[in-house]
> 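Right, I'll just put the structure down here and ask away after.
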Amino acid sequence: MMMKMLLKTQTLNLISRSHPQRTLNVNHLSHSFALFTTTITGNTKLSDSPDPDSSESPDIPSWVTNQNPESKPSEDDDFVIPSLASWVENHPKVKRFAIATEKPQTQLDIFTQILKKPYSSPEEVVDTLNRSSLSVPSVSVNRLWKRFHDCWISAYGFFIWAKEQTGYNHDPQSYSFMVDILGKARKFDLMFDLLQEMNQLKGYINLYTIVKVMRRLARAGRFSEAIEVFRRVEEYGIEKDIMALNGLLDALIKGDSVEHAHEAFLEFKECMPLNSSSFNTLIHGFCKARKLEDARKILKEMKEYGCQPCVVSYTCFIEAYCREKDFDNVDSVLDEMKKKGCTPNAVTYTIIMHARGKSGTIGKALEVYEMMKNDGCLPDSSFCSSLIFILSKGGRLKDADEIFEDMKKQGLKPTVLTYNTMISLACEHSLEEKALKLLQRMEEDSCKPNVYTYKPLLRMCCRKKRMKVLNFLLSHMLNNDVSIDFSTYCVLVRGLCSCGKPEQAVAFFEEMVLKGMIPFDSLRKKLVETLEKENMTEAVEKIQRLMSNVTAE
DNA sequence: GTAGGGTTAG
């Protein structure tokens, strides 16, 4: 009862203190405070409530509520839910995707089909392309880099082949993409060769290229080499300035070595004037590594140097305390900030609200939102995504939906993170129609999906045995230049094993191995067990051959 | 790209 009263008061406060413009309308969010109180008592059920728009969208099936009990899973489970299958088939967008995958029509499709095949070396790709009598596609090269960013053999083979074609030269952006692809695949010798080649072309290397190189090296744990690139940065025609140093520090910290970042800082700090980013980057690094004493030392040094600590500096400390669930110290930092006239911003509040929500106290999380409004700080899209996430994790799907719908009204554009949050939550609760409609809205909003958009959808399709939708999603991914990553392959292989599609599971497993990914042993076991159960001896042998090649390398 | 991203089902 006490809790109810508290929440009631809190909700009313949230409503009365809301900003007139661009703030979330919490009143609208919950219709009334009733929702907040009913959820706390557990009376609000998660349900795929009838969508108010559904009557206006005849092309969206009512297959959640309108399932035909007689439509038992057939041999071809593409038609488990006939209305869904027909929606997917007849949807104009799906038709377009289907055409794109069945009959290659554009140059991009033709190249994609060729490059998708497994190759053992870039030379093999070059040979294949040489025999094809194709010419370099005029406009889609950038999309090819995106599609094959984690498939260095295909990308590099195409790169070499295209370079050899008369009348074609790669632009600096293509070189930069290729450098990054090689770095990601840890083909550092090739990456450095290409960097040399760019250097000879004059004007092809910019700071962005160098930062990418340092970042890839640092990610691979090659910290000294990353520092060496910075040391010799002028040989690449790049100024050894504070921008470059900050890039190095950030790369080393993203590669999880604040120690190397600190070493580099000590080595180069006398060579150029520092700025607050240099200090903040180091503070962040030490906070991330849970070395708060070191972070405090940098803060002190920052002041002595004449740089005023700012909202970013303090937010790093707040994040560190949030990670420890030390909310007393979070409050102390907030007080200190306010005393110094440094106003917390949406990032600061997002971090605190998220941490409060994750530690299971939604009431406290909403108090943060209230505090934020009192301080005159406006929520942004990332803040809303976090709020949606926190509310949904607490079982308040309807409130989360309201926040999502309110964003646009408040002039906030949902980002890919917002959509991913919404889609993944819909998928978790098996709200299939809702999840697919969100994907559709994303397209209408021109919001580019990423691999995290598709992963929960694909998982849900496997769980619910929606093969037609699965294929639709795979085409959709391809069309949006989103390639399947390691963990998504795992989801697909595991999911397809579980839903009685061993052939497809084998195909994806093979594809991931040929892309150079090394699957977990548990995944291989699951696949082999499934195949043995189905007496698919040849497939088992194929998997074993595939894996013996991997371990032999 | 100075700080906010909620992986992997069983």
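Heavy atoms only: backbone and side chains are in, while hydrogens, waters and symmetry mates are out. Numbered from 1 within each chain, the chains take letters A, B, ... in sequence-line order.
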> Less than 3.5 Å apart, which donor and acceptor atoms pair up between the side chains of residues 205-214 of chain A and the rest of the protein, not counting sequence neighbours?
{"residue": "A:Asn206", "atom": "OD1", "partner": "A:Tyr208", "partner atom": "N", "Å": "3.1"}
{"residue": "A:Asn206", "atom": "OD1", "partner": "A:Thr209", "partner atom": "N", "Å": "2.9"}
{"residue": "A:Asn206", "atom": "OD1", "partner": "A:Thr209", "partner atom": "OG1", "Å": "2.8"}
{"residue": "A:Thr209", "atom": "OG1", "partner": "A:Asn206", "partner atom": "N", "Å": "3.2"}
{"residue": "A:Thr209", "atom": "OG1", "partner": "A:Asn206", "partner atom": "O", "Å": "3.3"}

> Can you tell me how far P of B:dA3 sits from NE2 of A:His354, to the nearest Å?
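The answer, rounded to whole Å, is 17 Å.
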
> Using the test side chain to side chain donor-acceptor pair (under 3.5 Å), find all partners of A:Ser276 that sit at least two apart in sequence or belong to another chain.
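A:Ser276 satisfies side chain to side chain donor-acceptor pair (under 3.5 Å) with no residue once adjacent residues are dropped.
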
> Looking at the side chain of A:Asp250, which of B:dG5, B:dT2, B:dG4 is the nearest nucleotide?
B:dT2

> Once side-chain contact (heavy atoms from CB on, under 4.5 Å) is applied, do any residues pair with A:Asn450, and if so which ones, sequence neighbours excluded?
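Expected list: A:Val416, A:Asn420, A:Tyr452, A:Thr453.
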
> Is it true that the side chains of A:Arg463 and A:Ser430 contain a donor and an acceptor less than 3.5 Å apart?
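On atom types as modelled, these side chains qualify, holding a pair under 3.5 Å.
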
> Would you mind classifying the nucleic acid contact of A:Ile351 as base, sugar-phosphate or nothing, using non-hydrogen atoms under 4.0 angstrom?
sugar-phosphate

> Name all pairs fulfilling the ring-ring contact (aromatic ring centres under 6.0 Å, His included) condition that reach into residues 302-357 of chain A, sequence neighbours left out, sorted by first residue then second.
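Non-adjacent pairs meeting ring-ring contact (aromatic ring centres under 6.0 Å, His included): A:Phe279-A:Tyr305, A:His354-A:Phe389.
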
> Return the value, rounded to whole Å, for the distance between atom CD1 of A:Ile352 and atom C1' of B:dA3.
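The distance from CD1 of A:Ile352 to C1' of B:dA3 comes to 12 Å, rounded to the nearest Å.
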
> What nucleic acid atoms does A:Ser382 come within less than 4.0 Å of, heavy atoms only: base, sugar-phosphate, or nothing?
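Contact class for A:Ser382: base.
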
> Using whole Å, what does the distance between atom C1' of nucleotide B:dA9 and atom CD of A:Glu529 come to?
15 Å

> Under a 4.0 Å heavy-atom cut-off, which of residues 278-292 of chain A touch DNA chain B?
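Heavy-atom contacts with DNA chain B come from A:Asn280, A:Thr281, A:His284.
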
> For A:Glu428, what residues pass the side-chain contact (heavy atoms from CB on, under 4.5 Å) criterion, not counting sequence neighbours?
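By the side-chain contact (heavy atoms from CB on, under 4.5 Å) rule, A:Glu428 matches A:Lys393, A:Ser424, A:Leu425.
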
> Please work out which residues in residues 309-334 of chain A have a non-hydrogen atom less than 4.0 Å from an atom of DNA chain B and list them by number.
A:Val312, A:Thr315, A:Glu319

> Give one of base, sugar-phosphate or nothing for A:Arg459, where a contact means two heavy atoms less than 4.0 Å apart.
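Contact class for A:Arg459: sugar-phosphate only.
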
> Is it true that A:Arg290 and A:Glu324 make a salt bridge, defined as a side-chain N closer than 4.0 Å to a carboxylate O?
yes

> Is a salt bridge present between A:Asp521 and A:Arg524, judged by a nitrogen-to-oxygen distance below 4.0 Å?
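Salt bridge: yes.
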
> Among all residues two or more places apart in sequence or in another chain, which pass the side chain to side chain donor-acceptor pair (under 3.5 Å) test with A:Glu293?
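Result, side chain to side chain donor-acceptor pair (under 3.5 Å) vs A:Glu293: A:Arg296.
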
> Take atom P in B:dG6 and the same atom in B:dG1, then report the distance between them in whole Å.
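My reading of the P atoms in B:dG6 and B:dG1 gives 14 Å.
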
> How would you list, by chain and number, every residue that makes a side chain to side chain donor-acceptor pair (under 3.5 Å) with A:Asn199, sequence neighbours excluded?
none

> When rounded to the nearest Å, what value does the distance between C1' atoms of B:dT7 and B:dT2 take?
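Result for the C1' pair: 25 Å, nearest Å.
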
> How many Å lie between CG on A:Leu417 and P on B:dT7, as a whole number?
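Rounded to whole Å, this separation is 11 Å.
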
> Name the nucleic acid region contacted by A:Asn246, choosing base, sugar-phosphate or nothing; use a 4.0 angstrom heavy-atom cut-off, strictly under.
nothing

> Without decimals, in angstroms, what is the distance between A:Asp380 CG and B:dA3 P?
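About 15 Å, once rounded to whole Å.
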
> Distance check needed: B:dG6 P versus A:Met422 CE, whole Å only.
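Distance check: A:Met422 CE to B:dG6 P gives 19 Å.
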
> Please list, chain by chain and in numerical order, all residues satisfying side chain to side chain donor-acceptor pair (under 3.5 Å) with A:Arg216, sequence neighbours excluded.
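In terms of side chain to side chain donor-acceptor pair (under 3.5 Å), with neighbours along the sequence ignored, A:Arg216 is linked to A:Asp180.
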
> B:dG6 P sits how many Å from A:His429 NE2, rounded?
18 Å

> Roughly how far apart, to the nearest Å, are B:dG10 and B:dG5 at atom P?
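Here B:dG10 and B:dG5 have their P atoms 26 Å from each other.
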
> So, A:Lys339 and A:Glu336, do they make that salt bridge, N to O below 4.0 Å?
no

> Does anything in residues 205-230 of chain A reach DNA chain B, meaning a heavy atom under 4.0 Å, and if so which residues?
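A:Tyr208, A:Arg215, in order of number.
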
> Could you state the atom-to-atom distance from OH of A:Tyr419 to C1' of B:dG5 in whole Å?
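Value for this atom pair: 18 Å.
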
> Scan residues 486-508 of chain A for pairs that pass ring-ring contact (aromatic ring centres under 6.0 Å, His included), counting only residues two or more places apart or in two chains.
A:Phe486-A:Phe520

> Closer than 4.0 Å, any side-chain N/O of A:Lys254 to the OP1 or OP2 of B:dA3?
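Answer yes for this pair, as a side-chain N or O of A:Lys254 is under 4.0 Å from OP1 or OP2.
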
> Taking the chi torsion of B:dG5, is it syn (within 90° of 0) or anti (everything else)?
anti

